[in-house]
Amino acid sequence: QVQLVESGGGLVQAGGSLRLSCAASGRTFSANIMGWFRQAPGKEREFVARIGWSNGLTYYADSVKGRFTISRDNTKNTGYLQMNSLKPEDTAVYYCAGAEYSAIIPRLYNYWGQGTQVTVSS
């Protein structure tokens, strides 16, 4: 099993920045990919970004490309999502997740954190 714990959410004004963290523990070698997803009220969970733990390859949703940066620190088993130029439509609960293979579909991720709320005011 892999345990994931997110932190760093909060309230920020439009145009501001936040950095989310995702600390992984347990059988971390079984989750080769770390992904970030978000879910707004009344909407489906959507893919935001993913990164390979070993190769660092990244992939972003078009809606966040150029504003968000995903990274990881293998020495700390921690992943990050730096969010800049935030918009009100970025408001959602943000989840980190772990998968064995690269994917953007939530059901292909086996491990999930509890989520952290990000609220962007206009």
Side-chain angles (χ1 to χ4, degrees):
Q1 287 291 333
V2 177
Q3 292 78 43
L4 301 172
V5 179
E6 304 98 334
S7 61
L11 174 64
V12 65
Q13 289 188 330
S17 298
L18 281 174
R19 188 176 82 155
L20 306 182
S21 300
C22 175
S25 60
R27 296 170 61 88
T28 55
F29 57 85
S30 62
N32 299 313
I33 303 296
M34 184 191 73
W36 285 95
F37 291 79
R38 66 187 182 186
Q39 189 165 19
K43 294 188 176 181
E44 293 187 353
R45 192 166 298 189
E46 66 170 349
F47 170 79
V48 174
R50 69 167 190 248
I51 188 168
W53 279 107
S54 59
N55 59 23
L57 290 178
T58 60
Y59 182 77
Y60 297 91
D62 288 343
S63 58
V64 306
K65 201 173 296 182
R67 300 188 298 123
F68 291 11
T69 302
I70 190 172
S71 62
R72 88 277 190 242
D73 184 338
N74 294 58
T75 65
K76 298 180 180 179
N77 279 344
T78 300
Y80 304 96
L81 185 69
Q82 177 67 43
M83 306 185 294
N84 298 329
S85 302
L86 282 162
K87 305 174 182 180
E89 51 263 43
D90 294 317
T91 295
V93 176
Y94 282 71
Y95 299 90
C96 69
E100 187 174 359
Y101 303 106
S102 294
I104 63 172
I105 302 173
R107 64 178 174 84
L108 296 181
Y109 283 74
N110 300 316
Y111 310 104
W112 291 87
Q114 81 287 354
T116 185
Q117 177 71 47
V118 171
T119 302
V120 184
S121 64
S122 58

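Any value given below was found using the heavy atoms of this structure, including those in side chains, with hydrogens, waters and symmetry copies removed.
Judged by distance alone, the side chain of T91 and the main-chain N or O of V120 form a donor-acceptor pair under 3.5 Å. In this structure a side-chain-to-backbone donor-acceptor pair under 3.5 Å is missing from N84 to S17. Not one N or O on the side chain of E6 forms a donor-acceptor pair closer than 3.5 Å with the backbone of C22. Under a 3.5 Å cut-off, the side chain of Q82 and the backbone N or O of T69 do not form any donor-acceptor pair.
What you find for P88 and S122 is that their closest heavy atoms are CG-CB, 3.8 Å. For A24 against L4, the heavy-atom pair with the smallest separation is CB-CD2, 3.6 Å. For the residue pair Q117 and A92, the shortest heavy atom distance occurs at NE2-O, 3.4 Å. Across all their heavy atoms, L20 and G9 have their closest contact at CD2-N, 3.6 Å.
Under the rule for a salt bridge (charged side-chain N to carboxylate O under 4.0 Å, His left out), D73 has no partner lying at least two apart in sequence or in another chain.
Just one residue in the list L18, I70, I51 forms a side-chain contact (heavy atoms from CB on, under 4.5 Å) with L81, and that residue is I70. Partner R38 forms a salt bridge (Lys or Arg N to Asp or Glu O under 4.0 Å) with one of E89, E46, E44 and no other, that one being E46.
Note on ring orientation: taking the six-membered ring where Trp is involved, the planes of Y109 and F37 are perpendicular (angle over 60°, cut-offs 30° and 60°).
A 6.0 Å sphere centred on CD of Q114 holds more than 12 heavy atoms belonging to other residues, nucleotides or ligands.
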